[in-house]
Every structure is written in C-alpha cells, then in structure tokens.
Amino acid sequence: MESGCCCWLVVLPAVDGRQYAYRVHAPADALLADLFWDAWHCHDEGPHPRAWDLFDAAVIRRVGPHIS
C-alpha cells in the first residue's frame with residue numbers, strides 16, 4: 001500500500017441527531033480506527049454536542065489525492 005499523506009473524511013453522528021464531518025490528514029495506509037479516534041477527539045474538544053464513540057456508526061472515506 002502507498003504510505004504518502006492523503007485526506008480522509010470522517011463523519012461522526014452526535015447525540016443531537018446531526019452528523020459532523022472532519023478532515024483528517026493521514027497516510028493512505030492508515031488504520032481506519034486511528035482515523036476515527038483522530039476525528040472523535042477533535043470533535044470531543046470542540047463546542048459541539050457529544051459524538052457517539054461507536055466506530056461502526058462512523059463513515060470514513062478517502063477523499064483527497066496523494067500528497068507528496
């Protein structure tokens with residue numbers, strides 16, 4: 001797998017019924033669990049209502065190109 005940096009979109013559902021999307025910059029071969037926790041901790045430190053900490057409820061997609 002390629003290991004260069006790319007952009008990931010991580011969408012977390014929250015207790016207010018909304019979904020919050022976060023951009024995570026990580027290697028192309030990053031573990032999905034690591035991407036989830038990066039986004040969750042970013043959300044948890046912000047002003048928004050608590051996000052569910054359920055990995056299976058998150059949507060994780062690679063959205064950006066390989067960055068050299």
Side-chain angles (χ1 to χ4, degrees):
M1 294 184 98
E2 61 186 73
S3 60
C5 190
C6 65
C7 187
W8 297 85
L9 178 70
V10 181
V11 180
L12 305 174
V15 297
D16 64 354
R18 293 181 175 183
Q19 294 183 339
Y20 294 88
Y22 293 89
R23 181 176 33 209
V24 177
H25 296 279
D29 60 355
L31 297 175
L32 297 180
D34 290 339
L35 299 169
F36 169 79
W37 285 114
D38 282 350
W40 191 85
H41 285 294
C42 181
H43 180 87
D44 197 42
E45 294 170 2
H48 306 296
R50 185 163 173 79
W52 297 110
D53 58 351
L54 301 170
F55 176 77
D56 292 339
V59 175
I60 303 171
R61 298 284 185 262
R62 184 173 159 182
V63 294
H66 173 76
I67 301 171
S68 9

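Computed from a predicted model, the values in this text were never measured in an experiment. Numbers for residues simply follow the sequence, beginning at 1.
- Of all non-hydrogen atoms in A28 and C6, the two that sit nearest each other are CA-SG, 3.6 Å.
- The CH2 atom of W8 sits 10.0 Å away from atom CZ of R61, with the distance rounded to the nearest 0.5 Å.
- Taking hydrophobic clusters as Ile, Leu, Val, Met, Phe, Trp and Tyr residues chained together by side-chain heavy-atom distances below 4.5 Å, Y22 shares a cluster with L32.
- H43 and P49 get closest at one heavy-atom pair: NE2-O, 2.6 Å.
- The shortest distance between side-chain heavy atoms of F55 and I60 falls below 4.5 Å.
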Donor-acceptor contacts under 3.5 Å from residues 10-19 side chains, at least two apart:
residue : atom : partner : partner atom : Å
D16     : OD1  : R18     : N            : 3.0
D16     : OD2  : Y20     : OH           : 2.7

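- Listed by first and then second residue, the side chain to side chain donor-acceptor pair (under 3.5 Å) pairs involving residues 51-60 amount to none (not counting sequence neighbours).
- Linking ILVMFWY side-chain heavy atoms closer than 4.5 Å, directly or via other members, places V59 and L54 in two distinct hydrophobic clusters.
- Within the structure, side chain to side chain donor-acceptor pair (under 3.5 Å) contacts touching residues 32-42 (residues at least two apart or in different chains) do not occur.
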